[in-house]
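Working notes, structure below.
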Amino acid sequence: MKYQNNMQELLYLEIPTPDTEFVRKWLQTDFVLENGKKIITPDGFRWKIPIENNTASGVELSIFVWSVQRTTYLKVFRWGDKSFPGERPILQYLTKEIRSRFPNCYPEPPVIDAQKSIFAELEPYYPLTVKYFQKMPNGEYDLNRAYWWEQRWREGVINPRRPREVVFFPENSQEEDKTSPEYDIIYIGGALGSIHAAVMAKLGYKVLLVERLPFGKMNREWNISRDEIQSLINLGLLTNAEVEKIISREYKDGFNKFFDGNNLSKLKASILHTPTVLNIALDSENFLELCGQKLKAAGGEICDETEFLRVDVSPTKVSINVKHLPTGNEKQVSGRLLIDAMGTASPIAWQLNGGRAFDSVCPTVGAVIEKGFEPGVWDSEYGDVLYSHGDISRGRQLIWELFPGAGEELTIYLFHYHEVNEKNPGSLLEMYEDFFTILPEYRRCDLDKLVWKKPTFGYIPGHFSTSSSDRTIAVDRLIAIGDAASLQSPLVFTGFGSLVRNLERLTTLLNTALKHDLLSQQHLNKIRAYQSNVAVMWLFSKGMMVPTGKFIAPQLINSMLNTFFGLLADETPEVADNFIKDRCDWFTFNRLALKAAMKNPALLIWIWQLAGWQDLLRWLGNYVSFARHALVSVMLRTWFPQFLKWSQSWLESHFPGLWLQLLVMNYAITTGRPRLPPALR
């Protein structure tokens, strides 16, 4: 205790193993230093030099470990007011030995017998996951889905150059082409697909929706804000009354806070309040059911529990082979256009891009909890938008989200930003074991007293766009939307939020293409929700990823997040809202970037460390595009939309292809513009 006022932290390491006890024993028994005395402590040891050999009498090192987030951490402190003899070589040797003994490890799920219980097969590897899935109403079915989803995901990531072929272009298809297609549009995928399908059916198109699961079943919940859900009202899909019926909770405020216990004082940040970000929790199953009713009322059809097998594309139609899973019966249907809404694992998207159609992913797990938290643990008038309670954990910066639902329900997610890597695809099952282990660290609770309603899980994709045409989302008579198109933004929005915000854009452009039969790859590839300000923001999500195989300072990502979110906390609510909702303009982006660099000059080095020079060069290209787009927008946005209204009647009828291109340009310059404060509107 006599040294407590002269303690200095010398080393902080993340050790990528949950077995903290093993690390402690290794330190105490197997790790050997010369010319000193090891004094065992409950969590490690103290190291002293004998007095007769010690030129810095009274100085010693304290080395100890602890566990949080199912991960082991180590720190070394010096006690005393002088340097310890051989201090630097000791720290280097300790680091080297730890990295050698406890390297990065990326566990793979075990191979299981599909004829046996998933619970029995996985329990030796993921005991808590099995225990709490058993407490869920359809736990065995859902755990099977999580397991097989991860297996399919891994297969695609490990073999990205050999995607399964499902799109074919028969050479001799003239005989087929004599028959008219049965539908205008066929959607594959019934989650995001049902929203888009219902809108297009209400426009008068004959629509078929094919869904592999029972229609309306979801393994994710959806949150959004009022200004974004307004687009569903504007398009005539929902009425104001219907929107109110599918809202299960609207909270007062959302919190954004990252762990800063190991950050420098100047890098600690205040809570960022975002009361209008993801503050509305939707009843997703009721919402999908409502979309299904709207679709059928407009003459559309739904084939659920039906699996997509292949599509043959001819000059005048697409022919899709599907299989009804309960009966095993196969059939073929045809349409003018196929829309791929199958999400991240879409074999169509993978084939069109010669492999995986994205660079990054957020492996996400969680659950809807009906009740069981003690009073005072959480106020359901508030949400956690982004929150971390620790530093890098086994090569990932874990982030929580918490959204109140109906009654006492809470939907809680745990995720991390991840660069897709063949050695480290990202694991849902490992994340679930983390989730059930560390949930009590995040929010005080007894897991055995919680009432579990259902799990929520998935792989949310991201694509580091360098231009509006740098990946293929369409071929003749086929286009991808939602997660299959990597329609995602860097911070808090998944495919759902991005799709809803861009729904008017996508439906208007697609309606134009269908009306004028502009269904070639050349035209369909323009119908995408690209934004130059979103593209330039991918460096932000890149900064939240730990490169596979590398060790970085455990506190680094939290330091970066606190730098940026601390700046946003000091801005007006409108600036923060626009930034997080992908409405940040060029001037605001540059102003905030300069402030961040001045506040924390090390950011540039950290970003270099995480991104590497190749990605930094890619980003510079993004930035140039962003600046060019900002200049063009300033020049066009005051008169170009009015010109289109004035010229539509004759331009669309005489030059439909040009009209589609001009519409694409108009959305490019008007989408993602900052919202003004109420007083300035």
Side-chain angles (χ1 to χ4, degrees), residues 221-231 247-260 268-282 362 364 366 378-389 397-405 410-415 417 442-443 460 488-498 500-501 531 533-534 537 540-541 543-544 557-558 560-585 588-589 591-593 595-596 672-681:
E221 294 296 290
W222 286 334
N223 279 70
I224 201 164
S225 62
R226 282 206 177 267
D227 64 332
E228 290 160 327
I229 205 170
Q230 182 65 35
S231 65
I247 293 176
S248 55
R249 170 79 69 171
E250 183 172 9
Y251 61 71
K252 292 179 179 178
D253 196 2
F255 305 134
N256 301 263
K257 184 70 183 87
F258 301 98
F259 180 68
D260 58 14
K268 295 180 186 292
S270 302
I271 293 173
L272 171 62
H273 296 266
T274 51
T276 57
V277 173
L278 302 181
N279 61 308
I280 290 178
L282 300 182
C362 286
T364 304
W378 192 256
D379 186 336
S380 290
E381 292 294 323
Y382 301 91
D384 260 348
V385 180
L386 294 170
Y387 180 93
S388 66
H389 81 272
Q397 179 59 66
L398 299 178
I399 299 174
W400 294 95
E401 290 183 313
L402 181 154
F403 300 116
L410 293 177
T411 299
I412 302 177
Y413 300 107
L414 179 67
F415 69 95
Y417 287 84
Y442 166 55
R443 292 293 164 218
I460 303 170
Q488 172 259 15
S489 58
L491 291 174
V492 296
F493 290 96
T494 61
F496 170 69
S498 294
V500 170
R501 284 185 290 154
Q531 291 176 221
N533 58 346
V534 173
M537 285 289 292
F540 193 95
S541 58
M544 290 189 267
I557 291 177
N558 275 324
M560 294 178 65
L561 291 170
N562 278 307
T563 298
F564 284 110
F565 278 75
L567 291 176
L568 291 177
D570 294 335
E571 296 285 336
T572 64
E574 290 77 23
V575 170
D577 194 71
N578 285 328
F579 187 89
I580 292 178
K581 291 180 179 177
D582 297 336
R583 297 196 294 251
C584 186
D585 61 61
T588 303
F589 177 86
R591 181 173 61 82
L592 292 175
K595 286 180 69 175
R673 291 180 62 185
R675 297 284 177 87
L676 296 173
L680 300 178
R681 291 175 189 165

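In this structure, the side chains of L272 and I580 come closer than 4.5 Å at one or more pairs of heavy atoms. Using a 4.5 Å cut-off on side-chain heavy atoms (C-beta onward), C584 and N578 make no contact. Using a 4.5 Å heavy-atom cutoff, the side chains of Y417 and I557 are not in contact. Within the 4.5 Å cutoff, the side chain of D227 has no heavy atoms near those of the T276 side chain. The closest side-chain heavy-atom distance from E571 to K595 is below 4.5 Å. Side-chain contact between L398 and H389 is absent, with no heavy-atom pair separated by less than 4.5 Å. Between N256 and L568, every side-chain heavy-atom pair lies at or beyond the 4.5 Å cut-off.
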- [ ] Check the pair E381 / K252 against side chain to side chain contact (heavy atoms under 4.5 Å, CB included), numbers first and verdict last.
- [x] CA-CA 5 Å; E381 292 294 323; K252 292 179 179 178; 3.5 Å; yes

TODO: Dump the intermediate steps for ring pair (Phe, Tyr, Trp, His ring centres under 6.0 Å) on F255 and Y387, then the final yes or no.
DONE: CA-CA 8 Å; F255 305 134; Y387 180 93; 9.4 Å; no

TODO: Begin from the C-alpha positions of T588 and F579 and carry the test side chain to side chain contact (heavy atoms under 4.5 Å, CB included) through to its verdict.
DONE: CA-CA 9 Å; T588 303; F579 187 89; 5.7 Å; no

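With 3.5 Å as the limit, one finds a donor-acceptor pair spanning the side chains of N558 and S388.
The shortest heavy-atom contact between L282 and F496 is CD1-CZ, 3.7 Å. Smallest separation of non-hydrogen atoms from K268 and D260: NZ-O, 2.6 Å. In terms of heavy atoms, Q397 sits closest to M544 at CB-O, 4.3 Å. For the pair L567 and L592, the tightest heavy-atom approach, listed with the atom from each and the gap, is CD1-O, 3.6 Å. Nearest heavy-atom pair, K581 versus R501, reported as atom, atom and distance to 0.1 Å: O-NH1, 2.7 Å.
Of the inter-residue distances, the one linking N223 atom CG with E228 atom CD reads 11.0 Å to the nearest 0.5 angstrom. Of the inter-residue distances, the one linking T274 atom OG1 with D253 atom CG reads 6.5 Å to the nearest 0.5 angstrom. One finds the CG atom of N562 at 9.5 Å from the OG atom of S270 (value rounded to the nearest 0.5 Å). The line from NZ of K257 to CG of L561 is 10.0 Å long, rounded to the nearest 0.5 Å. A distance of 9.0 Å separates CG of D585 from CZ of R591, quoted to the nearest 0.5 Å.
In this structure, the side-chain contact (heavy atoms from CB on, under 4.5 Å) partners of T411, at least two apart in sequence or on a different chain, are E221, V368, Y413. Here L402 pairs with W378, D384, P404, L410, I412, Y442, R443 under the side-chain contact (heavy atoms from CB on, under 4.5 Å) rule; sequence neighbours left out.
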